[in-house]
Each structure stands twice: as structure tokens, then as C-alpha cells.
Number of protein chains: 2
Amino acid sequence: MTAPGRTAADTRFLEDFRAMSAFGATPSGGVDRQAATEPDNAQRRWLAGLLEEAGLRVVYDRIGNQFGLLERVPGAPYVVVGSHMDSQPTAGRYDGAYGVLAAAHAVLRAAERDAAEGAEPPYNLAVVNWFNEEGSRFTPSMMGSAVYTGRLPLETALASRDRAGTTVAQALAPTGFLGDTDGPEAVFCAEIHVEQGRVLENTGTTIGLVEACWAARKYRVTVRGDQAHSGATVMEDRRDALLGASLLVVAARELADRFPGVLHTAVGSMDVYPNSPVTVASRAELLLDLRSHDEAVLAEADRLLAQEVARIEGTARVEIDLDLSHAWGIDRYQPEGVELARGAAERLGLSHRGILTVAGHDSINMKERVPTVMLFVPSVEGVSHNEGEYTQDDDMLAGLDLLTDVVRGLGSGALPSTGVHDPAAVRA
Amino acid sequence: MTAPGRTAADTRFLEDFRAMSAFGATPSGGVDRQAATEPDNAQRRWLAGLLEEAGLRVVYDRIGNQFGLLERVPGAPYVVVGSHMDSQPTAGRYDGAYGVLAAAHAVLRAAERDAAEGAEPPYNLAVVNWFNEEGSRFTPSMMGSAVYTGRLPLETALASRDRAGTTVAQALAPTGFLGDTDGPEAVFCAEIHVEQGRVLENTGTTIGLVEACWAARKYRVTVRGDQAHSGATVMEDRRDALLGASLLVVAARELADRFPGVLHTAVGSMDVYPNSPVTVASRAELLLDLRSHDEAVLAEADRLLAQEVARIEGTARVEIDLDLSHAWGIDRYQPEGVELARGAAERLGLSHRGILTVAGHDSINMKERVPTVMLFVPSVEGVSHNEGEYTQDDDMLAGLDLLTDVVRGLGSGALPSTGVHDPAAVRA
């Protein structure tokens, strides 16, 4: 049965969304589908079935990106549409997964409508499920799209290890998702995602047209001290790596508090060695991020962070290595793509506004290669990376409608192409 | 060949010490022999061989304590002499292991001398290698002696899990070290250990006569926040468990700095969940210790810690549970035992002084049951729980001489017995 105002296609989408959310479901209503774990693998097999049943050809590239190809113009490049289905541990159902399923439905709807109208669009359509966007099991995050676009060497990605020492290559080998192709040539890209913030909700807006991403600097930090008995050793003799790391976590937060609303800082992960109850730690490793929508503030924060590091080295008698693992500026999405999406939202009568993304997305990699459209739908209370993440069904369906229109537009060549991204050329 | 001034027995001890230090040896000159890991097991098999070759009967109790029994008066209780051979990860060669090997040699020397002099001492002698003193793999520390003395229920100890989820019972089952006896009845106890501090070195003293232990309060702390996207979530919305835990580590250090030389504080271990690069942590678990030789200061530190916890709960918007896992006061070793050891040191011409122990030792458990003598030899620069831990051979040999004399005195009934500790009665 279809609810009032909803089409049968809408109902099918919501049914697919419920079915999809069962993979790696947690008791508290979230999911746990870290990259190349069994729930992630099972969900990918399910998606492959769904795409193949709809007539798409499913292929994998050498880093395990999953593509569903709808080839209607033999040899033409593809509009690549999608997101990622892997998740953080104990995460929400929407992050990434919504974007992949919406891409699958949007591609099919767009092709159906084009066919029904007798249109002869110049480009093919592809659904993509990028590998390991989250980066919780294997660093770096956005791995699949980074390899596809040539920003990260394939060999580096395949050699990345999880905490148990398993490499990406080892984790993917038994899954059947390690292909021997480089994936399709791309001419445009589109991605839809939940906002993971409160801007759309606070302004009562249905659609965010993503204009740019916040600038970011991500550091891998090692704090070195010296092992000692944590009871017997006099305090002045201690060189406590955990104390140094803790001072750095506090300093990062204080840095954000100096630039309210303009600077976000975080330490999400910390590993302590030997991590024993009665031993002063000799080493702590942590990942520290700075993000801002103001590049001058980010540069200033970076300078202050270096000062804090020097201060903490003295206070805690430790050595601190700051290793910049990745960084990006305030990169704009192509304004023509934003305008294409704005026009589609107007036609569909959807409220919309320009917005920035603070979180990283695969589309940030893709927009460096081909014109890329990034869309947001609201997140209730901005909750994300949390089992309580929630987006209203109506907002998901509105986003799907808009994405369908955008895919049709991109497929028909409504946006000027700046050339084709050939991942095989990147490899060569 | 025996060096000048050293007996053949001294040379044998040093040779045994070198052989013993090969188990779990690390490239930097330390050892890694966490409880019931293969290096610990291999070393215990080696010790069993050494004891049996010398004519002792090797038995194990229900928590894997290893005893070498020298029964010369059928049915009489035992002077129990020893320490532990397990280690922290990447630890030194002396901590615990020196005390077990010295016990083995002292027991044999004492029995030989008694026999040579035709003495008829009333008590038997036992060497002990306590299970899991370190507590780095399985908490709590001092586990074997705690079960033997009835301070910790056997079932609780056997159910303790390491980080991989393996219980003590599971780890011990395949080793053959899980016995079906309760171990020997004890009448006295003696332990020798490296100081793990600088007092003996700074005062040029060879022997520390341990009069009491510092008071301690050990907390298991859980900090609860809420998972969130560590990039997108606005700072004011975050409830960051890692920030709360870090503020607590810093607060613990500042507490020690308020009472210089009188209060030691430490957080050696911290586990963060989900510990992912782009997720605000929802939970952090840490172990926090307070130690002092002044019980009033310890009580005041405890009060200040509670204030800090309340402050941090507000600052970081987290909830903090402080769970007191174990605590002890400034417990004195029996003064008669200290005097017995002082007399022996005088006779041997060894410099000595009364001292306190900051670190915990199995003898702290034992002295609650039977009169117990605790001896220290110097640690170079006070370094311990570190691969660079070092004690001079001459100091080890001086300690062995003194321990031999103390064991002879205890075995001959030179100290009044306050009754017998029967571990079977504890179990019943």
C-alpha cells in the first residue's frame, strides 16, 4: 500500500531502505558495518543483487569500489552517482547508505523517464558504492574515491592495516570485491547525503546545495615519553606520554573555543602503549583535526597548535611529532552544478539554500576531476556518527526526487563537461 | 670461574639469573612476560626444572601460584619465600624475577646450612612464584597472593578477562599450572625485590628494610559522552568522553603537584570507544591511582579528586563514574620481622635503612596473614617498569645473602608465630 501523496516508486524506495538497514543492525537502532567486515560485505552482495535485477552490470575496481553500470550509449562516459555503505562502529542508518540507495533509484528513474520521453542523452549512468569512506577500520578515510581519482596510490591503500594488522588487500581478497578493472570513465558526478549538522533543520529547509567544503588539516600525532612504574617513580622523574596526549586533547578543544563557530577541532582516536594499570605510558598516538570555513583562521589555529605542542613538550617532558596526514582548502563545487541543482529544486518546489559541508565526502575527491553536484537533506538535531541519526522519510524522498532530476540533467549534457576522468589513465 | 670475593654459589646464582632473563627477552635488554603468555609459561617450566633438580616438590594451587616445597618436618607449616616472574609488557629483568630466583637459592642455602650445622628447625621452607602480580594482562594486580590469602575470591580471579576476552581460567587451562590443591600452609613469609625508587641509591645504602607501604586508592573510571561526527557537529553540541578523560588525566597530575613528594598520582591505561578518527568518543575507561605516605593527604586528595570530577562533568558535558577497585592504608610490616632482618644485615656488615614501599607487592597481602619480612636492593636511577631497569650484581648477591639469613631465622622460629595461614580454610 502506498501512503497518500507517495508513488509506488517512493514506497519501493522506503522498503529497500528498511531492508538495507538490517545489515549490521545494532540493538539501539543503528548499524555497525565497518569496511570489509561481514555486514559490509553482506550489504554489498544485497546491493549487487538489487542492481543486477534492475538490469545494471555490476563491476569492481582494484580498490573494491562497487559500480552498477547502465550503458545506454556504447562507449560513452558515465555520470557517476553514489556515496558509501560502510559505517563507523555503532553508527546511524543514513550516513552514506542513503546516498547509495538514492543513487540506485535515481539512476533507474532517470533512465526510465528518458526512455519514456524518447530522449537520447549522450552519457551513460553509473551507481557507485565507494569503498571505505569512513576510515574507522582502515585509514585514510574516503579511500575508494581517493584511489579512483588518483589522489592516493593504489598500493598505499591496499597496504593500509587495521588495528589487528589485517591489510585492505587481505580483507578484500576473500570477498570477491577486488576487481581487475579501473572502473568506468566519469564525465560528471553527483552525491546526496544527510547533512550531519543543524543548518537545514534550524532554517526549515529541505535541500542543501553544497557550495564548498570547510578547509581541514588532519594530523597523525605521536607523543613519546618513557615507561616507568606509575606508583614508585617520583613525579618529577616521569615522562608521561598519556599526560602529554591528554594536554594536547585539552589544548585542541581550547583552540576551538577561541574561534567560536569558525573552528572545529577534534581528537577522536587515541592509542596508548603499554596501556597497563601500573606503568607510565611511553607512547600515545592520536589523530587530531582542525577544520574551518575561514582559511586565515585555520592557518592561525595551526600556528597556535604548534605553540601548544612546544609548551606541552616542556610541561610533560615528552616529545611530540605532528605529521600532517591530509589537508584541503575551502574547495568550491562547480557553481554551474549548484545552479543546475537549484533550478531542479525550484521546478520541484523544494525549499533550498546554499550550504557548506564540514564533513568530508567522496564528492570532495570527485569534484577535482569532473563537475560534481553535492546535495544535503536534513539530519534531525544534527545527530550523526551515532545510532540515533535520523532523517524523515519525506526528506529522503524529496532528496531522491531532486537527485533524479539532477542525474537526468547531467546525463543529458545540461552542464558543460570539462573533460573525462579515466581512472585507467591514473593507474598507467 | 668465580670472580674474586664471590663464592661458587654466587656464580651459580648469577648464571641462573642470566638464563632466566632469556625468557621473553626483548631487543632492548628487557623482557615481555605477561601472565600466562608463552614466555611466562616457558619460564615457569624452567623454574620447575630448577627446583625439582634441587629436590623440591613443585605444586600449583587453584589460581596457578607455583610452589617449590622443601619438607624437612613432616606436616609442619612453611616459611613461604618468593615474588613473581610475570612482567609488564617491555619491562625490566629484575622486577619480581630477582625475588623468585633469590628465594630459590636462599631456601636451598638455608636448608644446606641448617643440615651442615645439625640444626633441627621446626618449620618447612617453600619457594613461591605468585601468579599475575603485574596486573597488566588481567586485573587486579597481585592476583595470586590475593587469592591465596583470601582477599580475592578464586572465582572472581578465574573470570577476569584480558582485552582479547580470554579469562584467567582459559589462559591457565592448557598450561598445566592450574592445580587442585590450595597450596602449603604458611607460618611466615619473606620477599626480596628491587626498590624501583632512588632512596637506597641516593643514600648509598645496600639494603632497604621495608617498614610499611604507602597508602593507596585505585579507581576504575568510566567517562560517558555521546558519539557524534567529529567534524560536522558544532562544538557546543559535543559530549566528548575523550575530552573528559583527558581533563581527568591532567587533573590527577595537578593533584600530585599540589602535594610534592607526598602524593603520587597516575593514569597508566586508557581505552577509548569507538576510537575512530572522525567520531567523538562516547566512552573512555581509565585506571587512576592515588598513593601517599600520609593518610590525611590521601583523604584530602580523594576529596579534591571528587571536586575535579564534578567540575569536568560540567565542562565536558560528560558523566563520570569513579569505582574504587582497591585501597589500602599505611600498613606496617611486623616490626619484629624488620628487627630480625636488621640484625642479620648487621651481622653480614651490609648497610641498611628503614624504607617504605610505594609499589604494591605480594608481601602486602601476605603480611595480613602471617609475619612477613620485605627487603629491597637498589635500583639504578630508580628506573622500573622499563627495559632499562638495572641492579648491580653485587647488590643482588648481598640481598641473596641477607635473604638466606632471614629464611634461616624464620625457619628456626626466631620470630614469634601469630598462627598459621591455611589457604584451604580460606576456600572452605
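In what follows, chains are A, B, ... by sequence order, proteins preceding strands, each numbered from 1. These numbers come from a predicted model, not from an experiment.
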Atom pair CZ (B:Arg161) and CZ (B:Phe138), whose distance is rounded to the nearest 0.5 Å: 10.0 Å
Proximal component of A:Arg163, with respect to chain B [non-hydrogen, under 4.5 Å]: side chain
Portion of A:Leu286 that has a non-hydrogen atom of chain B nearer than 4.5 angstrom: neither
Contacting moiety of A:Ser141, where chain B heavy atoms sit under 4.5 Å: neither
Presence of salt bridge, B:Arg198 and A:Asp237, under 4.0 angstrom: yes
A:Glu195 versus A:Ser379, side-chain donor and acceptor atoms under 3.5 Å: no
When B:Leu287, B:Leu243, B:Asp226 are compared by non-hydrogen pairs under 4.5 Å with chain A, the top option: B:Leu243
Largest heavy-atom contact set with chain B, pairs under 4.5 Å, which of A:Gln196, A:Arg253, A:Lys218, A:Gln227: A:Gln227
Option that, when pairs with chain A are counted at under 4.5 Å, heavy atom only, ranks first among B:Glu236, B:Glu134, B:Arg238: B:Arg238
Residue among B:Thr233, B:Val272, B:Thr279 with most heavy-atom pairs under 4.5 Å to chain A: B:Thr279
Between B:His361 and B:Glu133, a side-chain donor and acceptor under 3.5 Å: no
Heavy-atom pair count under 4.5 Å with chain B, highest-scoring of A:Glu381, A:Gln34, A:Met270: A:Met270
Interface residue of largest heavy-atom contact number with chain A, from B:Ala91, B:Ser246, B:Ala241, B:Ala316, under 4.5 Å: B:Ser246
Donor + acceptor pair across side chains of A:Glu389, A:Ser384 (<3.5 Å): yes
Proximal component of A:Val383, with respect to chain B [non-hydrogen, under 4.5 Å]: neither
Polar side chain donor-acceptor pair, B:Gln88 to A:Ser276, under 3.5 angstrom: yes
Greatest number of heavy atom pairs closer than 4.5 Å to chain B - which of A:Ala228, A:Gly92, A:Gly382: A:Ala228
Proximal component of A:Ala256, with respect to chain B [non-hydrogen, under 4.5 Å]: side chain
Choice from A:Asn275, A:Thr357, A:Val358 maximising heavy atom contacts with chain B below 4.5 Å: A:Asn275
A:Asp362 side chain to A:His84 side chain, donor-acceptor N/O pair below 3.5 angstrom: no
Which of B:Val280, B:Val234, B:Asp257 touches chain A most, by non-hydrogen pairs under 4.5 Å: B:Val234
Contact winner vs chain A - B:Asp271, B:Thr265, B:Leu288, heavy-atom pairs under 4.5 Å: B:Thr265
B:Phe376 side, atom CZ; B:Glu191 side, atom CD - distance, nearest 0.5 Å: 8.5 Å
Region of B:Leu290 in contact with chain A, defined by heavy-atom distances below 4.5 Å: neither
Leading residue by heavy atom contact count with chain B [cutoff under 4.5 Å; candidates A:Ala359, A:Pro277, A:Ala252]: A:Pro277
Heavy-atom donor-acceptor pair, A:Arg291 side chain to A:Ala266 backbone, under 3.5 Å: no
Flag for B:Thr90-B:Glu387: side-chain donor and acceptor within less than 3.5 Å: no
